[in-house]
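Chain naming here is simple, since letters A, B, ... match the order of the sequence lines and numbering starts at 1 in each.
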Amino acid sequence: MIKEQIKDILDKYFNEGVEQGLWTNAAAGSYAVELPKHTSHGDFSTNMAMLIGGREKKNPREVASLLAEQMGTHIDLFSKVEIAGPGFVNFFVRDAVWQSVIKPVCEKAYGYGSSGIGQQKKVLVEFVSANPTGPLSIGHGRQAVLGDAIARLLEATGHEVTREYYYNDAGRQMRVLGESTRARYMELLDLGAEFPEDGYQGEYIYDIARKLISEKNDSLKDTADVAPFKEKAEQEIFANIAETLARLDIRFDNYYNEHSLYEKGLVDDVVARLREKGLAYDHDGAVWFKTTEFGQEQDRVIIKSTGEPTYRLPDIAYHREKLKRGFDWLVNIFGSDHIATVPDVLAGIRALGYDDSMVTVVLHQFVTLTREGKQVKMSTRKANFITVDELFDEVGPDVIRFFFLTRKADSQLEFDLDLATKESQENPVFYVQYANARLRSIQKKAEEKNIRRNPLQEVSLGKLSLPEELNMLKALASYPELVEDSALDLSPHRIIFFLMDLAGQFHSYYNSHLVISDDPELTQARLWLAEALRIVFHNGLRVVGLSAPETM
RNA sequence: GCGCCUGUAGCUCAGCUGGAUAGAGCAACGGACUUCUAAUCCGUAGGUCGCAGGUUCGAAUCCUGCCAGGCGCGCCA
């Protein structure tokens, strides 16, 4: 908010300079207000003079001195404005300005950091979308946590969010699942059965078979149809997935079944539309989509010569349907193995007359699993993967969330099983939560001593003059913009790093300064600072789905 | 062969989309609890930002070319 104020003033002087013919508006929109790394360079700086100088062959330092002179007149905001280096203009903000951020933080409380920039835009966040063939793996865990944190950030910034899980229970995978279940069922009944070569070997299939036996005895032994097995397996696995997600405090608004697209004729309709537009044609008994019209190297099959559609077709139909349902923005969280489908889907919706900029795909890289220093290949079919549930037995939901969120989506994530337990004790999530708990503890101590916070307008916030205090106040002031940036960038990891940094500042401060001291005025000011910090820790933790415990 | 992602301290990762002297957490070493929670703090050490060019006032960040790892490139999903 202080940054915005400076930007506004800067814009004003820039435009005045243009009107007065001091420079052209060539640099419009390219200059920025930045946060210098070193305190000796002020609280904010701008590169405007250098950009003007570079474009117009003017001496940047001359432009800078002009600018500095004008900015320096805002004595309510700045204690000092100076020129540095090749032409930076550095702004030193008055302590009182920083101290005053406590007011908005405490007034807005748990709403601090939330905003309306999303303008109630309807966003559909699609994530997990794993077919129900087995428990959620660590890879799914990353996606679940990432998608949920993104959804929360979008909610916090005034978007109307729907969380959706898209699945297909009709394909080959599911038939194999049914056959695997039947084989285990027969095996448990000692009726002998051949286990399908590419069947699902996980222990959970036995569990499902056992349930089937306890419910139906051996009444299914002569059934030729795999449907009852498939349906039971699907139902059990879905229940398990939902439970796992619930343990992570992740809930979906919708489970969207691919099959319903066929039932509603939406898949056929896409083919018809594409044919109408001359973007689909028959060749070798299959139906092809002219993806070459959309910059791809080759056309793609959408209906096989057997008459079955390829995965692309329902995917396109699904995205079109999402847009028809009135969403303004589709955010898809996909694993990197889905890279190839993205251009096809985007081409599809463009072909159908929609703007593909309404779709944003967050591709997250894989989770690689290492055990005793060696990489383990994971496969659902072979059941040699680690499930989110197993992880749960070792560590709690906050550790899991934090672990997955501490990397940006683009990075591969190495999961070291040997460190999992260790992580549970040393995970930095506790470092942040501990800061929150300590702040709460200070407040409880104050209550015990019968010290109440006086109304803010009666408190001398000027007492908060230590560099550590001012730095924390600056962090508090930057929080709302951080939430906006993280949301629009779909980058929850930025919140995590902010929290770790702020926690570091606070713990250090805590160890060398008392909040509750013999100086009543100072105590009042610091209690308000503590409250503002607590609010921001709480909000930051919650906005990415972490808990904010008051005691630890 | 082609496309996308990654390469930063011993390890795991940030680096606010081009800024000034590159950061954090682990791991290592040495210290700090009669004061609001030691799940904490303080200090020491650790770097050719994969390599080589280029763009400009200025590059870990942008462009090109190599090198290495991951994921894809089906009438599989």
Looking only at the side chain of [X] (C-beta and beyond, no hydrogens), which of the listed nucleotides [options] gets closest?
{"X": "A:Arg407", "options": "B:U12, B:G69, B:U6", "answer": "B:U12"}
{"X": "A:Ser336", "options": "B:C71, B:G19, B:A77", "answer": "B:C71"}
{"X": "A:Gln412", "options": "B:A39, B:C13, B:G70", "answer": "B:G70"}

Under 4.0 Å between any heavy atoms, over every strand shown, what does [X] touch: base, sugar-phosphate, or nothing? Just pick one.
{"X": "A:Asp315", "result": "nothing"}
{"X": "A:Thr551", "result": "base"}
{"X": "A:Lys408", "result": "sugar-phosphate"}
{"X": "A:Ala435", "result": "nothing"}
{"X": "A:Asp410", "result": "sugar-phosphate"}
{"X": "A:Leu35", "result": "base"}
{"X": "A:His507", "result": "sugar-phosphate"}
{"X": "A:Ala340", "result": "sugar-phosphate"}
{"X": "A:Lys445", "result": "sugar-phosphate"}
{"X": "A:Glu297", "result": "sugar-phosphate"}
{"X": "A:Lys37", "result": "sugar-phosphate"}
{"X": "A:Thr310", "result": "sugar-phosphate"}
{"X": "A:Asn436", "result": "nothing"}

Problem - Euclidean distance for C1', B:G3 against B:A9 (whole angstrom) - result: 33 Å
Exercise for the section: For B:C66, give its Watson-Crick or G-U wobble partner with both distances under 3.5 Å, or none. Expected result: B:G50
Handout entry: Strand partner of B:U17, provided both Watson-Crick or wobble distances fall under 3.5 Å
Key = none
Completion exercise
Under a 4.0 Å heavy-atom cutoff, the residues of residues 508-522 of chain A touching RNA chain B are A:Ser508, A:Tyr510, A:Asn511, A:His513, A:Leu514, A:Val515, A:Ile516
Practice task
Please list, by residue number, the residues of residues 471-500 of chain A whose heavy atoms come closer than 4.0 Å to an atom of RNA chain B; answer none if no residue qualifies.
Solution key: A:His493, A:Arg494, A:Phe497
Exercise for the section: Flag the pair A:Arg142 / A:Arg407 as yes when at least one side-chain heavy-atom distance between them is below 4.5 Å, and no otherwise. Expected result: yes
Problem - Sidechain N-carboxylate O distance under 4.0 Å for A:Glu126, A:Lys322 - result: yes
Practice task
Establish, yes or no, whether a centroid distance under 6.0 Å links the rings of A:Tyr434 and A:His507.
Solution key: yes
Practice task
Using the six-membered ring of A:Tyr510, assess whether NZ or CZ of A:Arg438 lies under 6.0 Å from its centre and within 45 degrees of the ring axis.
Solution key: yes
